[in-house]
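Step one of this worksheet: look at the structure below.
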Protein chains: 2
Amino acid sequence: MKKATIKDVAALAGVSVSAVSYVLNQSTEKKYSEKTRQKIYSAAEKLGYHPNHIARGMRSQRSYSIGIVNWWEINNRVFIKTLEGITAMGEKLGYSVVICPSADSYSYLSYYENKRIDGAVLIAPVTSMAEFNEMEHIRRLQKAKIPFAVINGHTDLPQGNCFRYDFAQTTYLATDYLLAKGHREIIYIAPKYGEEIREVGLRQKGYMTRMQEEGLPCLCRAVEDLTPQMLKQFHSIVTNKTDTAKKVMDMALTAGIKIPEDLSIIAANTEYYSEYLPVPLTTVQIPFQSIGKMAMRRVISAIEHHDLSSEEMPACMVLEQNSVKNLSSEGNKEGKGMRIYS
Amino acid sequence: MKKATIKDVAALAGVSVSAVSYVLNQSTEKKYSEKTRQKIYSAAEKLGYHPNHIARGMRSQRSYSIGIVNWWEINNRVFIKTLEGITAMGEKLGYSVVICPSADSYSYLSYYENKRIDGAVLIAPVTSMAEFNEMEHIRRLQKAKIPFAVINGHTDLPQGNCFRYDFAQTTYLATDYLLAKGHREIIYIAPKYGEEIREVGLRQKGYMTRMQEEGLPCLCRAVEDLTPQMLKQFHSIVTNKTDTAKKVMDMALTAGIKIPEDLSIIAANTEYYSEYLPVPLTTVQIPFQSIGKMAMRRVISAIEHHDLSSEEMPACMVLEQNSVKNLSSEGNKEGKGMRIYS
DNA sequence: CTGTTAGCGCTTTCAC
DNA sequence: GTGAAAGCGCTAACAG
């Protein structure tokens, strides 16, 4: 009981295979007579005909699939969100995405070459990991002549196929949010990572930029150096990430400091658990999906050699919870929940 | 600059295409002479030859891919873990997994039929959702003659292609764990869902079974009915899930009840945020990966018409954190962290 | 041992 | 308007 082929449809409809192929594909142009078309449609319907994409790809030398080069844990929130965007855009443009299950360094390449992917999206890790040699990945993709785009890459690509999470914007926005809520003495807290990590530098910079715009002094502290004494003197904090905020929060609550009454905290990224911390944490969300979409569209437009209309990248958003006190006289009419800010 | 084909390799090696095909595929049998084999290997190497899986599938009438029929949010922990298992087993057996991006009811079927998937794994939702008509999905898969396995299904399939998360075991184990830690008066707390949800009934049953084995009285309460007064009288609680435990925990902490000093809590499932609750929550983990693996192996063995050796399903595990007090005299030498229990 | 060849299902000239 | 036929890359008889 094999699946119906184009041949079966042709036979049943009493026409040639080429007629079937033409009619079933060209939805707009109607070279064939209405009568023939109808015969074909009903025959296909009757047989439960499904075009074989494998055969189509074989013929067109295209697989209509895009491979993901990925160094993230599969359940990482950033990865998932980015992937959601990639997949959505792929669906829209008629491409499917495939992910190599194998974890070791470059084995995905064979996997993808075997599968004849039409292109790839490389999602680089945020922190430059020793094991992840971005340049080498790029070199190999180029050598394999696979069109690709890079998300969050550290390398500048000539074709502009590089899309980055805007880390500076996250802290800029977090700071801006606190300012809007009437806070003035805002402290930035992050771990003592090395400065060589792009993300770390950008996050701090975003905070400083916004503070300087306002003519306010910047104060940056490492979370490792924090003491309860210090915390008691702080009232408004921006942290780089949720885990830093959690450390601050734990120390504050232990010291009897109330959040948000005595201390407001906002983190410049969102984690699965941000809203489940002792005090639900207000955070900044990066539009990962959009970045995924943009990268996907770029790759596909490279494959198809024509520009696809590009949507503008939306800004980061503040996901409001309960960790920030409103000091502004205007009051905070809105309830907690996600909303676009700025 | 096209990709090298088997023909190119044959030409360069000065042999026929069939020789190349044979040598490159049958790693064990060596019908061809060593000299020929070497020529072929080096030619393939030189050309950077990658077998075209599309063409291979075309010929063999197999795609070596399995489709996922899924009703979960893509970032749901249960789904991800199950998928990890499915993917791992697929890789082991030479199959890739494909996920239809489209969300609407049955559109995945066309997608998969087009892609000529060899089989499918249906991951049913835990709670029987009105929108998810399991029988209908099964019927359609059968009609399309796609071999499949069901995970967490409510329907009993004749071929035994049904794999279920063992919800009863989760609470049985949670209860057992508290008993081992010296607790005796153990309360079970869950929300007031309807009893028609299989998971809910099983979870309660697991608790009761273990208590009855011990000859201890059961006490079940709905989280909605809980009051701080009641909580003060409880010292050991099993909850169905982490979110229930969170509610209990919040109420307890607000009422000045200390965890785990005054009150021990264990939840019968793990969430991303379990360990980030005000008191890191001890939970029971279901081996989702293993269930995914088993289902995947089953489908593939159905496709290939031969039984694949099956691994035994591992039991649930307790992921120890800080929400349970050890009352047993033996002491608790082990630190917090995951360990197999019972 | 090794080579020739017939398709797998589809698209796409090209001829009628 | 319509059909015949070549061929995408590969595998598997079958022939030598």
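In what follows, chains carry the letters A, B, and so on, assigned in the order in which the sequence lines appear, proteins first and then strands, with residues in each chain numbered from 1. Small disclaimer: the values here were computed from a predicted structure and weren't measured.
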Checklist entry - Under the side chain to side chain contact (heavy atoms under 4.5 Å, CB included) criterion, do B/I303 and B/R62 qualify, and how do the steps go? => result CA-CA 10 Å; B/I303 293 167; B/R62 290 275 205 76; 3.9 Å; yes
If I take atom [atom1] in residue [X] and atom [atom2] in nucleotide [N], what distance separates them, rounded to the nearest angstrom?
X      : N      : atom1 : atom2 : value
A/Y64  : C/dT11 : OH    : C1'   : 11 Å
B/Y22  : C/dT4  : OH    : C1'   : 17 Å
A/I54  : C/dT11 : CD1   : C1'   : 16 Å
A/R37  : D/dT2  : CZ    : C1'   : 14 Å
A/H53  : D/dC8  : NE2   : C1'   : 17 Å
A/Q38  : D/dG1  : CD    : P     : 15 Å
A/K115 : D/dC10 : NZ    : P     : 15 Å

Checklist entry - Is the shortest heavy-atom distance from the side chain of B/Y112 to the side chain of B/I66 under 4.5 Å? => result no
Checklist entry - Between B/I138 and B/F148, is any pair of side-chain heavy atoms under 4.5 Å apart? => result yes
Item to check | side chain to side chain contact (heavy atoms under 4.5 Å, CB included) evaluation trace for A/I123 with A/I86 | outcome: CA-CA 11 Å; A/I123 311 179; A/I86 291 175; 4.0 Å; yes
Next on the checklist: Both conditions, 6.0 Å and 45 degrees, for the charged tip of A/R140 above the ring of A/Y106: are they met here?
Outcome noted: yes
Next on the checklist: For a quick test of reading the model, state the closest non-hydrogen atom pair linking B/I80 to B/I74 and the distance between them.
Outcome noted: CD1-O, 3.2 Å
Item to check | Closest non-hydrogen atom pair between A/A149 and A/A295, with its separation | outcome: CB-O, 3.7 Å
Next on the checklist: I'd like to check the salt bridge (charged side-chain N to carboxylate O under 4.0 Å, His left out) partners of A/E113; sequence neighbours left out, ordered by chain and number.
Outcome noted: B/K3
Item to check | Set of salt bridge (charged side-chain N to carboxylate O under 4.0 Å, His left out) partners for B/K7, sequence neighbours left out | outcome: none
Item to check | Main-chain N/O of B/G94 paired with B/Y64 side-chain donor or acceptor, under 3.5 Å | outcome: no
Checklist entry - Bend angle of the helix from C/dC1-D/dG16 to C/dC16-D/dG1 from five-pair axes at both ends, rounded to 10°? => result 50°
Checklist entry - What nucleotide, of C/dG3, D/dT2, C/dT11, holds the atom closest to the side chain of A/N25? => result C/dT11
Checklist entry - Does C/dT4 have OP1 or OP2 sitting under 4.0 Å from an N or O in the side chain of B/S16? => result no
Protein-nucleotides 13-16 of chain C N/O pairs closer than 3.5 Å?
none

Item to check | Residues in side-chain contact (heavy atoms from CB on, under 4.5 Å) contact with B/L12, at least two apart in sequence or another chain | outcome: B/A43, B/K46, B/L47
Next on the checklist: For a quick check of understanding: with a heavy-atom distance under 4.0 Å over all strands, which category does A/V15 fall into, base, sugar-phosphate or nothing?
Outcome noted: sugar-phosphate
Checklist entry - Which comes earlier along DNA chain C counting from the 5' end, the contact point of A/A19 or that of B/A19, where each point is its nearest nucleotide? => result B/A19
Below 3.5 Å between N/O atoms, which protein atoms pair up with nucleotides 7-9 of chain C? Just atom names and distances, please.
{"from": "C/dG7", "atom 1": "N2", "to": "B/R59", "atom 2": "NH1", "distance (Å)": "2.9"}
{"from": "C/dC8", "atom 1": "O3'", "to": "B/Q61", "atom 2": "NE2", "distance (Å)": "3.0"}
{"from": "C/dC8", "atom 1": "O2", "to": "B/R59", "atom 2": "N", "distance (Å)": "3.4"}
{"from": "C/dG9", "atom 1": "OP1", "to": "A/K2", "atom 2": "NZ", "distance (Å)": "3.1"}
{"from": "C/dG9", "atom 1": "OP1", "to": "B/Q61", "atom 2": "NE2", "distance (Å)": "2.9"}
{"from": "C/dG9", "atom 1": "N2", "to": "A/A55", "atom 2": "O", "distance (Å)": "3.4"}

